[in-house]
Each structure stands twice: as structure tokens, then as C-alpha cells.
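Since we're looking at a predicted model, the values are computed, not measured. Just so it is clear, the values below take in all heavy atoms, side chains as well, and ignore hydrogens, waters and symmetry mates.
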Amino acid sequence: LLADFRSHKVPLHSDDKPEEGDLVALRRSLPNYNLLPGATGVVVVDYSSYSGGDGPLEYEVEFASHDAAGKVLTTLTADDVTIVSRPRFS
């Protein structure tokens with residue numbers, strides 16, 4: 001799945017902010033969820049896009065969990081994640 005996801009990416013720039021559908025990597029650990037830096041997840045909600053750009057850069061990110069919990073859904077800031085890939089939707 002990840003290889004297929006990466007094959008449909010668009011060019012990214014250093015000043016790009018995460019968008020819904022982006023694959024992102026965690027920059028810091030989230031011990032409450034057993035997630036370490038480098039864990040990858042998908043941005044499912046970009047809250048700034050619903051606030052007219054006036055709100056903080058916050059994102060709802062879904063991570064696949066390695067334990068029985070299955071999935072982790074948490075709110076993060078732009079400083080918490082790095083964009084790994086942006087899918088090209090047609």
C-alpha cells in the first residue's frame with residue numbers, strides 16, 4: 001500500500017503545510033499512544049482549512065497502531081509532523 005501511495009505523489013516544497021490525505025511522519029514521540037518519532041499516519045482533517053486560515057495549524061492524524069487498539073486518531077500541530085508524501089488525486 002505504501003509503495004502504491006508513493007507512486008502517486010506530487011512534488012513538495014519545504015514551506016508546504018500538511019493537507020488532508022497527506023502521508024506524514026511524526027517528529028516526536030507520543031508515549032500515551034506508543035508512537036515513536038518516524039511513525040507514519042494520514043492527515044484526515046486539516047482544521048485550518050475550516051477556520052478560514054485564522055486558526056492554528058492543527059491536524060487530525062490517523063496512525064495504524066502496532067498493538068490491539070488498531071488505530072490511533074490524535075490532533076497534532078504542523079511542528080509535530082513532516083510531510084512524507086502527497087497523493088495526486090485525479
J.: Judged by modelled atom types alone, do Asp46 and Ser48 share a side-chain donor-acceptor pair under 3.5 Å?
T.: yes
J.: Considering all heavy atoms of both residues, which atom of Leu23 and which atom of Thr40 are nearest to each other, and what is their separation?
T.: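 Residues Leu23 and Thr40, closest heavy atoms: CD1-CB, 4.1 Å.
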J.: Minimum heavy-atom separation for Ala25 to Gly38, with atom names?
T.: CB-O, 4.2 Å
J.: Taking all atoms of both residues into account, what is the closest heavy-atom pair of Glu62 and Val44, and its distance?
T.: CB-CG1, 4.2 Å
J.: Measuring from atom CD of Glu20 to atom OH of Tyr59, what distance do you get when rounded to the nearest 0.5 angstrom?
T.: 10.5 Å
J.: Tell me the closest heavy-atom pair linking Pro18 and Val43, and the distance in Å.
T.: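 Scanning both residues completely, I find the closest heavy atoms to be CB-CG2, 4.1 Å.
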J.: How long is the span from the CG atom in Leu35 to the CG atom in Leu26, to the nearest 0.5 Å?
T.: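 With rounding to 0.5 Å, CG (Leu35) is 6.0 Å from CG (Leu26).
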J.: Tell me, do Val61 and Val24 make a side-chain contact under 4.5 Å, heavy atoms counted?
T.: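 They are in contact (side-chain heavy atoms under 4.5 Å apart), so the answer is yes.
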J.: Can you name the closest pair of heavy atoms from Lys17 and Arg86 and give their distance?
T.: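 Heavy atoms only, the tightest pair is O-NH2, 2.9 Å.
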J.: For Glu60 and Thr75, which I'm curious about, is there any donor-acceptor pair between the side chains at under 3.5 Å?
T.: yes
J.: Would you please name every residue forming a salt bridge (Lys or Arg N to Asp or Glu O under 4.0 Å) with Asp80, sequence neighbours left out?
T.: Arg28
J.: Nearest 0.5 Å, please: how far is OG1 in Thr77 from CG in Leu57?
T.: 8.5 Å
J.: Indicate yes or no: at least one non-hydrogen side-chain atom of Phe63 is less than 4.5 angstrom from one of Lys71.
T.: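 Not touching, per the 4.5 Å side-chain cut-off.
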J.: Are Leu36 and Val72 in one and the same hydrophobic cluster, where Ile, Leu, Val, Met, Phe, Trp and Tyr link if side-chain heavy atoms are under 4.5 Å apart?
T.: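 As far as the 4.5 Å side-chain criterion goes, Val72 and Leu36 are not connected within one cluster.
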